[in-house]
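Report on the structure given below.
Residues: numbered from 1 along the sequence shown.
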Amino acid sequence: SGAAAITVGEALSARPGAMAWGAAASGASQWVGKLKANDPSLSSLFIMGFRRMKEGDWVELCEAIEGNSVLVEFMASGHDLTPPALRAFSSLVEKNTHLKKLG
C-alpha cells in the first residue's frame, strides 16, 4: 500500500515503506509532532508490546491521532492501558474517520 512509518534504526525518523517496531525509549513525542502536522510520510504506525509507553504518552498519542487525516493504519499490541489512556483511545476511535485498520 506504500504506507510509511517510523523506523527504530533511523532514530524514529519517517521513511516510506518502513515500520515502527519499537525500542526502549518511547519516541511518542516524535510521532505526536508528525501526527499533529498531518505528515504524509506517516500513514501507518505499529507499536509493539516491548515498547515502553507511559500513560501520558498514550493520551498525547491518541489525541494526536484523533485529529489526524493521514494515518490509515494504527496497530499497538501487548500494552496495558490505564483508564485515562483508554478514554483517549475510545475518543480517537469515535472521532477519527480516516483510520482503515486498527488493532
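- If you take CE on M75 and CG on L102, they are separated by 7.0 Å, rounding to the nearest 0.5 Å.
- Closest non-hydrogen pair, A85 versus C62, comes out as O-SG, 4.4 Å.
- Taking both residues in full, the closest heavy atoms of D57 and A28 are given as CB-CB, 3.8 Å, listed atom of the first, atom of the second, then distance.
- Across I65 and N96, no two heavy atoms sit closer than the pair O-ND2, 2.6 Å.
- Cluster membership for V59 and V93, using ILVMFWY side-chain heavy atoms within less than 4.5 angstrom, is not shared.
- The distance from the CD atom of E60 to the NZ atom of K54 is 12.5 Å, given to the nearest 0.5 Å.
- Of the possible donor and acceptor atoms, none in the side chain of H98 sits under 3.5 Å from a partner among the backbone N and O of E66.
- Nearest heavy-atom pair across L99 and L71 is CD2-O, 3.6 Å.
- Residues F74 and L61 form a side-chain contact, since some pair of their non-hydrogen atoms from C-beta on lies under 4.5 Å apart.
- Under the 4.5 Å side-chain contact rule for hydrophobic residues, L42 and I47 share a cluster.
- Interatomic distance, NZ of K34 versus OG of S29, reported as 11.5 Å (0.5 Å rounding).
- Rounding to the nearest 0.5 Å places CG of N68 at 14.0 Å from CH2 of W31.
- If you chain together hydrophobic residues whose side chains sit under 4.5 Å apart, L81 and V32 fall into the same group.
- Separating the CZ atom in R51 from the NE2 atom in H79 is a distance of 8.5 Å, to the nearest 0.5 Å.
- Between the CG atom of N38 and the OG atom of S43 there is a distance of 12.0 Å, given to the nearest 0.5 Å.
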